[in-house]
Amino acid sequence: MKGSDFIRTVANRYASQLQLCYPQTLASFSLAKTIHSHMITFGFHPRGHLLNRLIDVYSKSSKIIYARHLFDQIPEPDIASRTSLLLAYSLSGDVKTAQKMFEETPLSIRDSVFYNAMITGYSRNEDGNSCIELFRQMLRDEFRPDDFTFTTVLGGLARVVNKVMQCKQLHGLVLKTGTGFFTSVLNALVSVYVNCGLMFEARKLFDEIYTKDELSWTTIVTGYVRNDELDAARELVDGMSEKLAVAWNAMISGYVHCNRYDEAVDMFRKMYFMGIKIDEFAYTSVISCCANAGLFHLGKQVHCYVLRTEAKPTLDFSLPVNNALITLYYKCDKVDWARQIFDNMPVRDIVSWNAILSGYVNAGRIAEGRLFFSKMPERNQLTWNVMISGLAQNGFGEEGLKLFNQMKSEGLQPCDYAFAGAISSCSMLGALENGRQLHAQLVRLGLDSSLSAGNALITMYARCGVVEASNLLFLTMPYLDSVSWNAMIAALGQHGHGIQALELFEQMLEAGISPDRITFLTILSACSHAGLVKESQYYFNLMDRLYGITPGEDHYARLVDVLCRAGKFLEANDLISSMPFEPGAAVWEALLAGCRTHGNVDLGIQAAERLIELIPHHDGSYMLLSNMYATAGRWNDAANARKLMRDRGVRKEPGCSWVEVENKVHVFLVDDTVHPEVQAVYSYLNKLVPEMKRLGYVPDTKFVLHDIEADQKERVLSAHSEKLAVAFALMRLPRGATVRVFKNLRICGDCHNAFKFMSKVVGREIVVRDAKRFHHFRDSQCSCGDYW
DNA sequence: GTAGGGTTAG
């Protein structure tokens, strides 16, 4: 054998061994490295095709350094090795280097494949415009676009907006160049039409494809799914002779995203019985279906099935499956199970971390959430959004705002969801100025058309007492969803505009927006605040009959509340006994509150006892019971209720009121001695009260909840936190400005009376938000009509 | 040496 023949034989053997490195996995990289080092050890110098192969394998294993090292040894690299390396750079995200390589390659050695590779590079980096640009240059440089070119350019087009024209032009070119005979090109065209939402064109083209492959079917089916035409998609899938798992998976996830959970589960079951392979994708979708639909038992069954299937080793490593399981368990109130999944995961990603964080936050386990947040190795927008809105929703408004600012100081631009969280923090705090500033920032950033931020603003203005601003926003928002309508109805309700709230509800129906369970909660609250008994019963009966929404315990509780406030205790009792489930805390609390207002001590005691049984650590029930006794003058019983509370180590939430003055929040406690200007406040009140008395104000000492001497009672009354905050605001706000005060508990009856006279004396509007609703005092009247 | 489909967190 001649020397050159020998070398050729060895080279061929190496080449066939390298062939084993495809398709590319991590293992193939080490195999390639083994083969390569074998060559080096035996003094064999790869050249030509073999060298290209090595560069290609290294490129495809993302080992650019190895590939580049070999590449640099070639004096005049040919177009094949250039293509391999160029693609490797693009796929690693380094488009700049790829582009440099492209430009440095002389026109004389370029070919169509080389152009195609660069177009692929742009496409993978989501730069559709550059795809088109290079395609045009390719034509100018007089290279023939082939089927690969069109598939890639059309694929890259997916990311471009307003592409209908380009799409039609490319379609024409496809027909002109004869590439329309390739199924791959037609599939890509169908895909772009789908992407433009032009399902009619997509379907027409699909029907014309002579030899449809798996991808043709999948593209059209997923196209319908993406454009929310699930029934059309289903019809195609049912008519398919081949049972393509991909199409079925697309259907299942489509159903899940449209909240059509029954159909998703049916499809999954059918898949199982028909013997279609259930892979990671199907499991992920069906588990996420169970999570969203609250199907705990089915979800658990699927989980067990995952554990038993022979594919378990792969599924154990599957991020999406594990992430979906985390979500399943935390949404079914099993945060600790979710955590266990998380702890057992061999690899985790940002989705896993965010899911657990949401779990803690949604369960109100804020302390754990914050700890978890601080330990996260990586955070994205969603992480911050979850933490900020979680703090706001759990009553940590100040911390929510702090975190929002921290996010900004770390150089991150908050998105509309983060703004929504910060704005809800302002709602909590009653921080109107801060909320207004956030609104202004949103406008500056062009984010003011955002639904989530807009909805948060509606609530913020209402909860800060400026319901007119909510209304203005509601009327001018470019898009509205059911949350917006619910927010506006709630806003009107809280401010006592019950009739307007109901009118808005009717408008909502006329606008074709389906009410949900929240809508009915706000409707019932609005009725409660305005004393609309008949209306509340009417809507309560409507929700199930007309909208198929089964009333939950919260709905019953609201209706009980309405009835009790109107003194209809018999009806309330009937309603409670007609409930399909055991009454929980919310129902007893409503009953108890009504009993207190109407001095129905006997029923009230029963309710309070049940309530204390159900939630022994909640201070509210002891307080209500105690207050009720106090109202009836039974001071011993009142003291006993407080003693029971103390004995059980339950602490009363201290009453406090606050008010925003010059962008700063001032907090007052009862009998306050802490606020630096409190002495001035007391003397201001001392001047004001006699004037109020001249107009008929009589301090009502039955609201003093301690058994103390009569002459001291009036002094205690005048030191209530809400009186201090209102007086402070009257002193410090500009003349004539509306006073907006917030209280964490319900307003005291004497304060309520006093503010009516106060508003007359000072000739200003006083707005007080208490734990349940708003009171607008103007000209010795309150908007609640003394009904609260 | 170049292309294309289905999954998870608010």
Side-chain angles (χ1 to χ4, degrees), chain A residues 49 52-53 55-56 59-60 77-88 90 111-121 123-124 146-156 158 182-192 194 213-223 225-226 244-254 256-257 279-289 291 318-328 330-331 338 349-359 361-362 380-390 393 415 417-418 420-421 452:
Chain A
H49 173 67
N52 289 348
R53 263 296 143 118
I55 292 174
D56 191 46
S59 298
K60 283 179 176 149
D78 67 2
I79 197 65
S81 52
R82 285 171 192 267
T83 308
S84 296
L85 194 59
L86 178 142
L87 204 63
S90 321
D111 60 8
S112 291
V113 177
F114 190 60
Y115 280 86
N116 292 348
M118 191 62 235
I119 295 173
T120 303
S123 166
R124 292 289 181 89
D146 59 8
D147 48 331
F148 279 81
T149 318
F150 282 109
T151 359
T152 317
V153 173
L154 287 165
F182 290 97
T183 307
S184 58
V185 175
L186 293 174
N187 287 346
L189 263 173
V190 171
S191 180
V192 177
V194 161
D213 61 7
E214 289 195 358
L215 189 62
S216 320
W217 285 97
T218 321
T219 309
I220 192 75
V221 169
T222 56
V225 171
R226 294 225 178 112
L244 269 185
V246 186
W248 285 62
N249 293 344
M251 287 297 324
I252 295 175
S253 73
V256 176
H257 284 130
D279 59 9
E280 152 183 45
F281 292 89
Y283 280 120
T284 307
S285 293
V286 83
I287 293 168
S288 138
C289 172
S318 163
L319 274 169
V321 169
N322 280 310
N323 291 339
L325 282 170
I326 291 178
T327 312
L328 168 73
Y330 95 68
K331 285 201 176 161
D349 64 0
I350 182 78
V351 178
S352 337
W353 286 86
N354 282 344
I356 292 284
L357 182 68
S358 310
V361 163
N362 284 14
N380 62 10
Q381 274 281 350
L382 192 112
T383 319
W384 290 89
N385 299 346
V386 168
M387 198 66 230
I388 292 169
S389 52
Q393 272 151 27
C415 71
Y417 280 93
S452 53

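Lettering follows sequence order; numbering is per chain, from 1. Everything numeric in this text was worked out from a predicted model, so none of it was measured.
Looking at residues two or more places apart in sequence or on another chain, you find a ring pair (Phe, Tyr, Trp, His ring centres under 6.0 Å) between Tyr115(A) and Phe102(A), Phe143(A).
The base of dG4(B) does not come close enough to the side chain of Thr151(A) for any donor and acceptor atom to sit less than 3.5 Å apart. Checked by distance alone, Thr83(A) brings a side-chain donor or acceptor within 3.5 Å of a matching partner on the base of dG1(B). The base of dA9(B) has none of its N or O atoms less than 3.5 Å from a complementary donor or acceptor on the side chain of Asp349(A). For Asn362(A) and dG10(B), a side-chain-to-base donor-acceptor distance below 3.5 Å is absent, hydrogens and geometry of angles not being considered.
For the pair Phe114(A) CZ and dT2(B) P, the interatomic distance rounds to 13 Å; values are reported in whole Å. dG1(B) atom P lies 14 Å from atom CD1 of Ile79(A), rounded to whole Å. When the P atom of dA9(B) is taken as reference, atom CG of Leu325(A) falls 12 Å away, rounded to whole Å. Taking atom NE2 of residue His257(A) and atom C1' of nucleotide dT7(B), one finds them 9 Å apart after rounding to whole Å. Distance Asp147(A) CG to dA3(B) P: 12 Å, rounded to the nearest Å.
When each of dT2(B), dT8(B), dG4(B) is scored by its nearest atom to the side-chain atoms of Asn323(A), the top-ranked nucleotide is dT8(B). The listed nucleotides are dG1(B), dG4(B), dG10(B); the one nearest the side chain of Ser84(A) is dG1(B). Listed nucleotides dG10(B), dT8(B), dG5(B) differ in distance to Ser288(A); the shortest reach to its side chain belongs to dT8(B).
Using a 4.0 Å heavy-atom cutoff across all strands shown, Asp78(A) reaches no nucleic acid atom at all. Within the nucleic acid shown, Ser285(A) comes within 4.0 Å of sugar-phosphate atoms alone, with no base atom in reach, counting heavy atoms only. Residue Asn52(A) is classed as having no contact, given no heavy-atom separation below 4.0 Å to the nucleic acid. Using a 4.0 Å heavy-atom cutoff across all strands shown, Phe182(A) reaches no nucleic acid atom at all. Residue-level contact check: Ile287(A) touches neither bases nor backbone, having no heavy atom under 4.0 Å from any strand.
Between Ser352(A) and Asp349(A), the side chains place a donor N or O and an acceptor N or O closer than 3.5 Å (distance only, hydrogens not considered). A donor and an acceptor atom, one from each side chain of Asp213(A) and Ser216(A), are located under 3.5 Å apart.
Arg124(A) has a side-chain polar atom (N or O) that falls below the 4.0 Å cut-off from OP1 or OP2 of dG4(B). Residue Tyr330(A) places at least one side-chain N or O under 4.0 Å from the OP1 or OP2 atom of dG10(B).
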